[in-house]
Amino acid sequence: MTYHITDNTAAAIPLRDIPEVPYAEFHADLAEKLADPRYHVAHYFALPEEGRMRFYCLLLDDATSQVLVASHVMEYYDEGVLPSLTAIHPQLHPFERDIAERYGIRFDGMPWPKPLRFPFDRYDRSGSMDNYPFYTMQGGSLHEVNVGPIHAGIIEPGAFRFICSGEQVLHLEIALGYQHRGVEHEFAATGNRLRQTCLAEAVAGDSAVAHATAFTEAVEKLSGHERPAQLDRERGIALELERMAMQIADTGALSMDVGYQLGQVACEALRTMTINTTQAWCGNRFGKGLIRPHGTDHPLTAEKSAMIRRNVAEIARRYDEVRRDIKSSPSLLARFEQCGIVPRDQMAAIGGVGQAARASGLARDLRATHPWGVFAKHISHEPVVKTQGDVMARLTVRCREVLQSARYVDRLLEIYEQKYAAGPSPCPAPDYAAPLAPSSLAFGLVEGWRGEICHVAITDPEGRIVADRIKDPSLHNWMALALAVRGEGISDFPICNKSFNLSYCGHDL
Amino acid sequence: MILPKIKVLRSHGRQAIPDLDAVELTPEFRGRPELTATGDTAELEQAAAICPTGALSVTPFALDLGRCLFCGECARRAPRNIRFTNDYRLGSPTREGLVVRPGDRCVAFDTSAVRPELSRCFSQALQLREVSAGGDASIEMELGATGNVNFDLGRFGIGFTASPRHADGVVITGPVSTNMAEALQICYDAVAEPKLLVACGSEACSGGLFARSRAVDRSFFERHRVDLWLPGAPTHPMVFIDGLRTLLGKKQRE
């Protein structure tokens, strides 16, 4: 089959250069390729285009760093039924559910054809959030536990339905969509690129830097402007600071759920220190406002660089002490080890990404496999991989990534200090009006702290962004959580959940 | 194994901020803006045109913090007219109080708009139920942080509780997505009277970036009176703490 072959640093692709293939060929080729775990689908979506529907698919090849882009087309009068790929490769499940829900396209033979997020502009509005078709099982010894949409903590809403035999969870189904705010629709409805960048930051507030980076990557590919290497380094520093903050927060959350108060409060304080470092750099604890297209409003200064280096070294030192304490506490290991296991083959089948996939032995990390920006030039990233796939493995990956990120931040700041500390910043101010390539597709693939974030921006013949199709790693990984709790006691659900800490708003958009 | 724990404990030290009412945030923090009217509105019009949420109006010159994302772009476009200070005292008992005008030296806190039973019932202890209705998780994390070792809001008897039956009030974050509207209403109804209602974050105050989105249903705010409006994207823990303390009469806004 023919693909447009590109990579994560190449320019935007004119829409006419993306081959249109018959669906049968697309189906056969993807069925074959996805059997090899070196391939996975980063994004697959449909977009109405002049009276027809065009489906775009981004396939990542981890072995060669290539991004394969293909498309197939459905004419207005075509029968809206396509043979499902989900039946062969479950990793396409969320994408096919999304396409079916939005546009009423039926996938023949799709197991589990259910709504995904109940968007306001869905094709079939007869159903609603309140009558989500949960899976049920019959049996005298079974009972159901319903949790949500409002949870006990200060977190986002989502409905969880457990089917249990006694304490043991047989099945968990997760119904999402409560957070749907119409993010993608708002992207298309505005030409104000600052507003679009702010929207990208609001896709998932705990991944504001990563989502904004993915969006600006796409925009800059469309404008074709060169950017100074220092801008890439500053974005890399922001991204790694965000990763540190959230991995520390989740270490604390896991500690809280097993009653390990010392770890919890130590991580709370360390997270405060990390996000206050970001705040002292750019004025916002979550890095909102830091990533802007073509430039920055908050260039580093010598004082800020020294402040960040000092804080990051201190955070890493103290966090490492917490890590050592966890590893030497049998009561903690007894809860974390052998709990919530997702084996490698299951993780590969559902297309898992990010730190959860790495904890199950899948070395998926865009910083290494599809590097962009600073990871393509200054840092050759070595992913942290564990094979056990349990809560402890996911925690260990987090722990080691915090220390790794701290080293990256320090290195990037060292380069800054050697080159620019004495003089003015080489980073320009942001540009919200740069003309974009018409009728083109550009994507930004960024490894956020949760995993692979993908923004695909498409422009019309006048160079306006008519669609920004967003994929948060949670879209893949919610299924991993459902698999992790199978066979576990329901009382272990909180630590399984925290070990993933997936995004509701990133999923619901 | 006790030695590693002693190490953690020693490095951890004392973390609580001693006096929460005396906190000064970093100068980089974008808090209350100060507006200065000049004869020339050309720059202002540019700033208003790019404002991502339409929070800035040129005639009359005003900035609505209930819509503002604190991105700071207007201050870069019109530096003679707008300047963001690091003042985190942003909460207001009225929605109109969030509109900042030229010459304002603080966000107005109209104490006459505060129901007197609030300080009578809740000044010693206040348990809140947080409902995220389309919030982007950053604001939920900031509310979680109000109870952490640094801010330790629990010292004033204020905390978050799991059940609305145990709560004295509801804190709403997010623009209120249509899919969450009913759950929010059910949760609010489950809280016993007298109860407090807080809209936390610019998205809750006005819808923010999603004010015009068709996936949002803000009819809840037409049916219920909000006692405290807190701007921010996300709302800084100090904005929340200051707002609640002022609402309960523990603190005065000069």
Side-chain angles (χ1 to χ4, degrees), chain A residues 118-121 128-130 149-150 152-157 177-183 185-186 189 192 194-195 198-199 202-206 208 249 262-263 265-266 268-269 272 276 279-286 288-289 297 317-318 321-322 324-325 328-329 429 432 503-505 508, chain B residues 1 3-5 7-9 11-12 15 25-26 28-30 50-53 69-73 76 84 129-145 148-150 160 162-163 174-175 177-180 182-183 187 203 208-210 212-216 233-234 236:
Chain A
F118 293 93
F120 73 94
D121 51 355
S128 82
M129 222 46 245
D130 311 321
I150 302 177
I154 311 175
I155 55 166
E156 300 168 75
Y178 295 97
Q179 293 284 74
H180 173 68
R181 305 146 284 168
V183 175
H185 188 268
E186 291 300 306
N192 181 342
L194 172 63
R195 181 172 158 85
C198 291
L199 276 165
V203 172
D206 50 20
L262 179 63
V265 296
E268 278 175 0
T272 305
N276 280 355
Q279 179 177 253
W281 176 9
C282 72
N284 185 293
R285 306 220 296 171
F286 290 80
K288 289 186 177 181
D297 289 317
R317 182 187 71 78
R318 281 166 52 183
E321 289 178 354
V322 178
R324 281 168 200 275
D325 187 30
S328 63
S329 299
Y432 302 106
S503 173
Y504 300 79
C505 51
D508 295 347
Chain B
M1 305 290 263
L3 200 64
K5 292 193 198 311
K7 268 192 179 168
V8 174
L9 208 56
S11 292
H12 186 64
Q15 292 288 339
L25 295 180
T26 161
E28 295 290 328
F29 176 75
R30 287 181 295 279
I50 199 162
C51 178
T53 53
L69 300 179
F70 297 84
C71 67
E73 189 61 25
R76 283 183 282 273
F84 280 87
R129 171 64 246 194
E130 190 271 343
V131 180
S132 169
D136 75 356
S138 59
I139 187 152
E140 287 77 11
M141 293 193 79
E142 290 295 53
L143 286 177
N148 74 11
V149 285
N150 306 99
F160 287 92
S163 169
S177 49
T178 308
N179 292 348
M180 257 313 274
E182 192 191 353
C187 180
E203 286 186 344
L209 285 162
F210 306 102
R212 288 193 302 271
S213 170
R214 281 159 59 210
V216 159
H236 193 283

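Residue numbering restarts at 1 for every chain, and letters A, B, ... go by the order of the sequence lines. Everything numeric in this text was worked out from a predicted model, so none of it was measured.
- Here the shortest heavy-atom pairing between Cys198(A) and Leu209(B) reads O-CD1, 3.7 Å.
- If you measure heavy-atom distances from Asn192(A) to chain B, the contacts under 4.5 Å come from the side chain alone.
- Proximity to chain A (any heavy atom under 4.5 Å) is shown, for Leu143(B), by both the backbone and the side chain.
- Across all their heavy atoms, Val8(B) and Ala266(A) have their closest contact at CG1-CB, 3.9 Å.
- For Phe29(B), the parts lying under 4.5 angstrom from a heavy atom of chain A are both the backbone and the side chain.
- The choice from Lys7(B), Arg212(B), Arg129(B) that makes the most heavy-atom pairs within less than 4.5 Å of chain A is Arg129(B).
- Among Leu9(B), Val216(B), Asn179(B), the residue making the largest number of heavy-atom pairs under 4.5 Å with chain A is Asn179(B).
- Residues satisfying the ring pair (Phe, Tyr, Trp, His ring centres under 6.0 Å) criterion with His12(B), sequence neighbours excluded, are absent altogether.
- For Arg317(A), the salt bridge (Lys or Arg N to Asp or Glu O under 4.0 Å) test picks out Glu314(A), Glu321(A), with sequence neighbours left out.
- Here Leu262(A) is the residue among Asp121(A), Leu262(A), Val183(A), Asp508(A) with the most heavy-atom pairs under 4.5 Å with chain B.
- Interface remark: of the candidates Gly208(B), Cys51(B), Ala233(B), Ala233(B) forms the most heavy-atom pairs closer than 4.5 Å to chain A.
- The shortest heavy-atom contact between Gly182(A) and Ala215(B) is N-CB, 3.8 Å.
- Heavy-atom pairs under 4.5 Å with chain B were tallied for Ala208(A), Ser329(A), Gly263(A), Pro157(A); the largest tally goes to Pro157(A).
- Note that CG of Asn276(A) and CG of Asn150(B) are 7.5 Å apart. Values are rounded to the nearest 0.5 Å.
- Heavy-atom distances place the side chain of Ala249(A), and not its backbone, under 4.5 Å from chain B.
- For a residue to count as touching a neighbouring chain, one of its non-hydrogen atoms must lie under 4.5 Å from one of that chain's; by this rule Tyr432(A) touches chain B with the side chain only.
- For Ile155(A), the part lying near chain B is the backbone, with the side chain staying farther off; criterion is any non-hydrogen pair under 4.5 Å.
- To the nearest 0.5 Å, the span separating CD on Glu182(B) from CG on Asp130(A) amounts to 4.5 Å.
- Counting heavy-atom pairs under 4.5 Å between each of Gly135(B), Gly144(B), Ala183(B) and chain A puts Gly135(B) at the top.
- Per-residue heavy-atom pair counts under 4.5 Å with chain A were compared for Cys71(B), Gly134(B), Ala162(B), and the maximum is reached by Gly134(B).
- In this structure, CD in Glu142(B) is found 4.0 Å from CZ in Arg285(A), a value given to the nearest 0.5 Å.
- The distance from atom OH of Tyr504(A) to atom CE of Met180(B), rounded to the nearest 0.5 Å, is 11.5 Å.
- Residue Ala133(B) comes nearest to Gln179(A) through the heavy atom pair C-OE1, 3.7 Å, listed as atom of the first residue, atom of the second, then distance.
- Looking at Glu186(A), the atoms closer than 4.5 Å to chain B (heavy atoms on both sides) all sit in the side chain, from C-beta outward.
- A distance-only check finds no donor-acceptor pair linking the side chain of Asp136(B) to the backbone of Val203(A) [under 3.5 Å].
- Taking CD of Glu156(A) as the reference point, atom OG of Ser132(B) lies at 5.0 Å (rounded to 0.5 Å).
- Distance check: Ser138(B) OG to Asn284(A) CG gives 7.5 Å after rounding to the nearest 0.5 Å.
- Between the side chain of Ser213(B) and the backbone N or O of Arg181(A), at least one donor-acceptor pair lies under 3.5 Å.
- Among the candidates Lys5(B), Gln15(B), Glu140(B), the residue making the largest number of heavy-atom pairs closer than 4.5 Å to chain A is Lys5(B).
- Met129(A) has its side chain out of reach of Thr178(B): every pair of non-hydrogen atoms, C-beta onward, lies at least 4.5 Å apart.
- Looking at Asn148(B), both its backbone and its side chain come within 4.5 Å of chain A, counting heavy atoms on both sides.
- With a 4.5 Å cut-off on non-hydrogen atoms, Ala145(B) touches chain A through its side chain but not through its backbone.
- For Val131(B), the part lying near chain A is the side chain, with the backbone staying farther off; criterion is any non-hydrogen pair under 4.5 Å.
- Both the backbone and the side chain of Tyr178(A) come within contact range of chain B, judged by heavy atoms closer than 4.5 Å.
- Tested against Gln279(A) for a side-chain contact (heavy atoms from CB on, under 4.5 Å), the candidates Arg30(B), Glu28(B), His236(B) yield a single pass: His236(B).
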